[in-house]
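What follows is one structure encoded as structure tokens, with my remarks underneath.
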Amino acid sequence: MHEPTAALEHALDTAGVTPVLALDPSVVLDRYRAMRDAFGARLLYAVKACPEPAVLRALAAEGAGFDVASHAEIDLCLAAGADPSSLCHGNPVRGPGSASRAHAAGVRRFVTDSAEDVDALAAEAPGARVLVRLLVADTGSATPFFGKFGARPGEAVRLLERAAAAGLDAAGVTFHAGSQQTRPQTYADAVSVALSVAGRAGIARPELDLGGGWPVPYREPVPGPHEFVGAVRSAVDDAVHRGTVDGVDLLLEPGRAVVAEAGVLRTRVLRVSRRPGVDHRRWVYLDVGRYQGLAETEGEAIGYPLRTPARSGPSGPVVLAGPTCDGDDVIYRRTPCALPLDLAAGDVVDLLCAGAYTSSYASVGFNGFGPLPVVIAGAPGGPDRSPGGAADH
Ligand SMILES: *Cc1c(COP(=O)(O)O)cnc(C)c1O
């Protein structure tokens, strides 16, 4: 399952630098189609998971819509060939003028979660379609939102009514169940709450946008799309049988699940050291860490599978750390990591399933370690971006 495609292996072997993220758009399309077909829904790819133009172009050509949060993301999607009407502005934290700019670019669907934002949308994007985002329980998520977004059900009903009264098209409801969400029942519970809100607001056939969160089998197996489909479908059927709504138009906003398995992050070992009196394990320092794309290892939330292509001997436990002088730049301290005992400085370590939330999170050059270069499998030429300071050893 974690075996990279031959095209990815070739891209890694010919990249000529580390660190480097290799992406295979054919894997992106494969995951996209599998989700679309399993749910029979319209998919809005969440651009922030991996905004690489080659990924966006492949998805746009396949007819995907996009979940965007900023004007820069709108521009990226339009440049990739997306139809502006297929975009959903999913970020309710819009500054003044942002909705009118999106509206002028042709974006017609917006997510909101506050009265302040509904009023701004009414002024800046008259007549636009609006989905109200609910605050839902996110039990089962590796990277929850801690309540940053979403309205409580009673408030959500009032927001839908306020939107309709202000001349907006109050079309439906949405939520985000927290990313790397492995519990189908969490979606089912959220669907029940969302549809009861739509029903109370008098929307007979709402758009039901299930958001993102769909999980990836990093180190552990996760439920497949069909288990999530089953849970969602029974919650929808239940609401229909109760007469809460007549039916739904289903949307999904996957990010991670579409791109994670399409990427491999190739790194090199800078140093392997023993730390007598500090830790019985070896410390392995890589040329990427928290600030070169591994933001999701904060709190060790995401455990990437590792491989060492050039070493196959017996292995032992290590602490894995990044290259910078920051104390937070430790990748895995608690997550079990075993690497070959003969691993040495200069060796390659690959992080698998690394296509999501990596290149877009890399800093511009903390401690002189620059952004993460990206190569596209099957495309001619070298890295999209010049390598950072870590590549010169
Ligand atoms: C980040 C985000 C997504 C994608 O989440 P994943 O967990 O990567 O699937 C979808 N919708 C919204 C509004 C988001 O912010």
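The structure displayed is predicted, hence computed values, not measured ones. Indexing begins at 1, ligand by ligand and atom by atom, following the structure's order. Sequential numbering from 1 along the given sequence is applied to the chain's residues.
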- Please list, by chain and number, the protein residues whose heavy atoms come under 4.0 Å of ligand 1. Ala46, Lys48, Asp67, Arg133, His176, Ser179, Gly212, Gly213, Glu253, Pro254, Gly255, Arg256, Tyr357
- Do Gln180 and Glu296 touch side chain to side chain, with heavy atoms closer than 4.5 Å? no
Donor-acceptor pairs under 3.5 Å, side chain of residues 202-209 to any protein atom, not counting sequence neighbours: which ones?
from, atom 1, to, atom 2, distance (Å)
Arg205, NE, Asp249, OD1, 3.2
Arg205, NH2, Val248, O, 3.0
Arg205, NH2, Asp249, OD1, 3.3
Glu207, OE1, Arg109, NE, 3.1
Glu207, OE2, Arg109, NH2, 2.9
Glu207, OE2, Arg129, NH1, 2.8
Asp209, OD1, Gly211, N, 2.8

- Task: Name the orientation class of the two ring planes belonging to Phe228 and Tyr187 (parallel below 30°, tilted from 30 to 60°, perpendicular beyond 60°).
- Result: perpendicular
Can you give the donor-acceptor pairs under 3.5 Å from side chains of residues 19-29 to other protein atoms, not counting sequence neighbours?
from, atom 1, to, atom 2, distance (Å)
Asp24, OD1, Ser26, N, 2.9
Asp24, OD1, Ser26, OG, 2.8
Asp24, OD2, Thr5, OG1, 2.7
Asp24, OD2, Ser26, OG, 3.3

Pairs of donor and acceptor atoms involving the side chains of residues 349-357, under 3.5 Å and at least two apart or interchain, shall be tabulated with distances.
from, atom 1, to, atom 2, distance (Å)
Asp350, OD1, Arg266, NE, 2.8
Asp350, OD2, Arg266, NH2, 2.8
Asp350, OD2, Arg307, NE, 3.0
Asp350, OD2, Arg307, NH2, 3.0

- Message: Quick one, Thr297 and Tyr332 - any side-chain contact, counting heavy atoms below 4.5 Å?
- Response: yes
